[in-house]
Amino acid sequence: MTFYERVYETAKLRGLSIKKLADKIGVSDATIYTWKRTGAPTGKNLTAVSEALGVSIDYLLGNTDDMHQSSNNEMPVDLDEVLSKLGPAVSFGGKELTDEQKLKFYEMAKLMFGE
């Protein structure tokens, strides 16, 4: 998978269009589309994409298939938005889920139901 394909698929998983991702990292969507031809950006754009998508640079570059979050621990989507869709008390096995678990649950549900 190319750098652009990883960015596109991860953004889609996070509920972001290329336009929204571009706005979030402060570049034009045309800049992101050029990565189809040119490969990965360097420096601040590479870091910005990693942080915006909540994955490591190594994942984006294809050095690993582990989508672990980058070291900034920033949630890739707005948790308040997730909670408003899930409701305030989401539990499994009688235990309330943590914010991170709720986010993962939300992302899985989006994939399952094609949202």
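Summarising the geometry of Leu21 relative to Ala11, their closest heavy-atom pair is CD2-CB, 4.3 Å, with the distance given to 0.1 Å. Residues Ala52 and Ile25 share a closest heavy-atom pair of CB-CG2, 3.6 Å. When every heavy atom of Leu61 is checked against every heavy atom of Ala40, the shortest pair comes out as CD2-CB, 3.6 Å. The minimum heavy-atom distance linking Ser56 with Ser50 is given by the pair C-OG, 3.7 Å.
Side-chain atoms of Ser28 and Thr31 include a donor-acceptor pair closer than 3.5 Å.
Here Ser17 contributes atom OG and Asp29 contributes atom CG; the two are 8.5 Å apart, rounded to the nearest 0.5 Å. Between the CD atom in Glu51 and the NZ atom in Lys44 there is a gap of 12.5 Å [rounded to 0.5 Å]. Put simply, NZ on Lys20 and CZ on Arg14 are 15.0 Å apart, with the number rounded to the nearest 0.5 Å. Between atom CD of residue Glu5 and atom NZ of residue Lys36 there is a gap of 9.5 Å, rounded to the nearest 0.5 Å. With rounding to the nearest 0.5 angstrom, the CG atom of Leu53 is 14.0 Å from the NZ atom of Lys12. Distance check, rounded to the nearest 0.5 Å: CG of Leu13 to CE of Met67 gives 5.0 Å.
Put simply, the residue from Val55, Val7, Ile57 that forms a side-chain contact (heavy atoms from CB on, under 4.5 Å) with Val49 is Val7.
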Problem set entry | side-chain contact (heavy atoms from CB on, under 4.5 Å) evaluation trace for Tyr59 with Thr10 | CA-CA 10 Å; Tyr59 173 76; Thr10 307; 3.5 Å; yes
For this session: Give the intermediate values and the outcome of side-chain contact (heavy atoms from CB on, under 4.5 Å) for residues Tyr4 and Thr34.
Result: CA-CA 9 Å; Tyr4 174 81; Thr34 64; over 6 Å; no
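No side-chain donor-acceptor contact under 3.5 Å links Arg6 to the backbone of Leu60.
The aromatic rings of Trp35 and Phe3 lie perpendicular to each other, with more than 60° between the two planes, well past the 30° mark.
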